[in-house]
Number of protein chains: 2
Amino acid sequence: MGLRVARLRRLVLERLMRYYRFLSEGRGRRPAPTVTSAEIADALDIDPTQVRKDLGAIGLLGMGRVGFDACEICRAIRIVLGFDQPYHAVLVGAGHLGTALMAYARFSQYGLNVSAAFDTDRRKIGHLVAGRRVRSTRTLASYITRHDIRLAILTTPVEAAQKVTDRLVAAGIEAIWNFTPTRLTVPPNVFVRNEHISLGLSELAYHLTHLDVTRR
Amino acid sequence: MGLRVARLRRLVLERLMRYYRFLSEGRGRRPAPTVTSAEIADALDIDPTQVRKDLGAIGLLGMGRVGFDACEICRAIRIVLGFDQPYHAVLVGAGHLGTALMAYARFSQYGLNVSAAFDTDRRKIGHLVAGRRVRSTRTLASYITRHDIRLAILTTPVEAAQKVTDRLVAAGIEAIWNFTPTRLTVPPNVFVRNEHISLGLSELAYHLTHLDVTRR
DNA sequence: AGGCAATCGTGATGAAAATCGCATAATGGG
DNA sequence: CCCATTATGCGATTTTCATCACGATTGCCT
Ligand SMILES: NC(=O)c1ccc[n+]([C@@H]2O[C@H](COP(=O)([O-])OP(=O)(O)OC[C@H]3O[C@@H](n4cnc5c(N)ncnc54)[C@H](O)[C@@H]3O)[C@@H](O)[C@H]2O)c1
Ligand SMILES: NC(=O)c1ccc[n+]([C@@H]2O[C@H](COP(=O)([O-])OP(=O)(O)OC[C@H]3O[C@@H](n4cnc5c(N)ncnc54)[C@H](O)[C@@H]3O)[C@@H](O)[C@H]2O)c1
């Protein structure tokens, strides 16, 4: 199965994710087994050429006049993005945001299972959060090695972020999904994806305060 | 005060936000009133030239051999991004994620105040979430017009997203911070900022499954 | 069967973003 | 008081990303 593996860029990966979501659930009553690049593009507000380029980048070919096989696209994206090989993650910092993430069922559709949550707060340890027992961070390292965890979700306060990261790295974690507004320092073999939610405010505040001035 | 107003691009705005956060809290024991572009760049993992370009874009000038006045940078960014003119927002969908956002105190530092939350769930209406009473969405439109609300935070399930959006638009909302994984259709005078959290998974899953193959 | 219309693939083009290189300015030490 | 040092500012360059343009392919219709 000739899926090309030419180091996909971040934006391509994100668009592939969007294609996947659209095809696997997005289009309501659309029984057609085939889908055109224009249809995807319209729904997602992307240029059709872009869609074709992206699909081409993972080795998918469409047929003139017909389009692409929707199932084939889904299957290919699942394989390329790795949704087919479920991976387990630990979540550190079972606070407000951590709880929301743990409660979010849809992640499992993308292969992610949050298998344990850790916290330092004595009032939380031992109790259930989103159906899972919160554990003491003292047991974090051993849990990671014991269960061969590769991904950590970081939702602690900013102050604890780097310290926790160092422990995660020492325990052999391979990737971190960082929700704290900090740049984490990690060795080059550890991959960090930052999800800096509040950056959105820069754009929103800017637009709100300049709307009148800038005309639109 | 010569703050240039040349339509800043999204990435510039986001970096300005990061500079602001770094300067206003980030650097711990660093009493120097002056800061160099290299110092910012190091802390934030950005190219120093980029920092200078960004600061130049909002009319800030540094001094050779000295750098920039940290306070002046903060002040300028506050003005440009509009943190100094606090704005009020409504949150629609007081679920897990909505609760986390409402509980997040730091937003007020950037001028954002979530003044009310709305939901359709009878078990939530009337109760407190993060210290604020949840209201029925029936009262949404009137609340928006009555309090002159310009921004809405959208954290409903996907199915409700477009319907809620239409009502927000009809009520005269000017901007939407959208946390649902959907493309919202809005008239051109309404600004939408998407915060598609789960897109991060595309990159994470990809790296986790290809780490061994691709050699980092 | 043959032309028509829709759709794809891809090289060329253009726009945006990041980075480089170097002249210039300010500072502090000798 | 001058010079070496350390920053800046900005034009030039490179890289990345998105869009356009067009030839090729395929199914559909008559
Ligand atoms: N809540 C939001 O909407 C939001 C938005 C943007 C960014 N963030 C960021 O996400 C992070 C978490 O935010 P939150 O609102 O959930 O905060 P929170 O205070 O509700 O949760 C933090 C949790 O981390 C735990 N914790 C503290 N130190 C720890 C440690 N050393 N090891 C493990 N756990 C520890 C705390 O006990 C608490 O349960 C913060 O860094 C915040 O800046 C949150
Ligand atoms: N929780 C996460 O970590 C996470 C991550 C990524 C994306 N999201 C997205 O954020 C959104 C909210 O997620 P959540 O986990 O908080 O879900 P949730 O089910 O916990 O909360 C949704 C809330 O919206 C309310 N609601 C439903 N219909 C409504 C309507 N028409 N008007 C007003 N309120 C309505 C529900 O009563 C509920 O309280 C979803 O679209 C989800 O896809 C969440």
Side-chain angles (χ1 to χ4, degrees), chain A residues 2-4 6-19 22-23 27 30 32-73 76 183 194 199 202-203 206, chain B residues 2-4 6-19 22-23 27 30 32-73 76 183 194 199 202-203 206:
Chain A
L3 288 187
R4 216 169 310 160
R7 179 51 127 279
L8 302 173
R9 304 191 170 282
R10 186 168 53 86
L11 292 176
V12 178
L13 294 172
E14 296 189 353
R15 280 194 300 268
L16 288 174
M17 178 89 159
R18 298 178 61 192
Y19 305 157
F22 171 64
L23 292 176
R27 48 187 202 154
R30 206 76 60 88
T34 178
V35 65
T36 161
S37 68
E39 188 187 343
I40 300 178
D42 277 357
L44 270 41
D45 202 22
I46 294 178
D47 189 280
T49 311
Q50 186 78 78
V51 176
R52 275 175 262 144
K53 283 246 162 80
D54 290 338
L55 295 180
I58 60 172
L60 288 172
L61 291 192
M63 282 180 300
R65 177 70 199 231
V66 170
F68 296 79
D69 179 334
C71 292
E72 199 186 334
I73 294 183
R183 179 169 82 91
N194 294 305
L199 288 188
S202 61
E203 214 186 347
Y206 179 74
Chain B
L3 288 186
R4 215 169 312 162
R7 178 50 127 278
L8 302 172
R9 305 192 170 280
R10 187 169 52 86
L11 292 175
V12 177
L13 293 172
E14 295 189 354
R15 280 194 301 269
L16 287 175
M17 178 91 158
R18 297 178 63 192
Y19 305 157
F22 170 64
L23 292 176
R27 48 187 201 156
R30 206 77 59 88
T34 179
V35 66
T36 160
S37 68
E39 189 187 341
I40 300 177
D42 277 357
L44 269 41
D45 202 24
I46 294 179
D47 189 278
T49 310
Q50 185 79 79
V51 176
R52 274 176 262 144
K53 283 251 161 77
D54 291 339
L55 295 180
I58 58 171
L60 289 172
L61 292 192
M63 282 180 300
R65 175 71 199 234
V66 170
F68 296 79
D69 179 334
C71 292
E72 199 185 336
I73 294 183
R183 178 169 82 90
N194 295 305
L199 288 187
S202 62
E203 214 187 347
Y206 179 73

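Chain naming here is simple, since letters A, B, ... match the order of the sequence lines and numbering starts at 1 in each.
Taking both residues in full, the closest heavy atoms of I58(B) and A76(B) are given as CD1-CB, 4.2 Å, listed atom of the first, atom of the second, then distance.
In this structure D42(B) satisfies the side chain to side chain contact (heavy atoms under 4.5 Å, CB included) test with no other residue, sequence neighbours excluded. Applying the side chain to side chain contact (heavy atoms under 4.5 Å, CB included) test to L44(A) and every residue at least two apart in sequence or in another chain returns R18(A), Y19(A), F22(A), I40(A), I46(A). A search for side chain to side chain contact (heavy atoms under 4.5 Å, CB included) contacts involving R9(A) returns V12(A), not counting sequence neighbours.
For DNA chain C, the outermost nucleotides in 5' to 3' order that have an atom under 4.0 Å from a heavy atom of chain B are dA16(C) to dT27(C).
R52(B) contributes no side-chain N or O that, together with a main-chain N or O of S37(B), makes up a donor-acceptor pair within less than 3.5 Å.
Side-chain contact between L8(B) and L16(B): present, with at least one pair of heavy atoms (C-beta onward) separated by less than 4.5 Å.
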Checklist outcome for this item: Expected string for nucleotides 8-21 of chain D under the B/S/- scheme (protein heavy atoms, under 4.0 Å, primed atoms plus P, OP1, OP2 as sugar-phosphate) is BBBBB---SSSBB-
For residues 59-69 of chain B, which side-chain N or O atoms pair as donor and acceptor with protein atoms under 3.5 Å away, sequence neighbours left out?
from: D69(B); atom 1: OD1; to: C71(B); atom 2: N; distance (Å): 2.9
from: D69(B); atom 1: OD1; to: E72(B); atom 2: N; distance (Å): 3.2

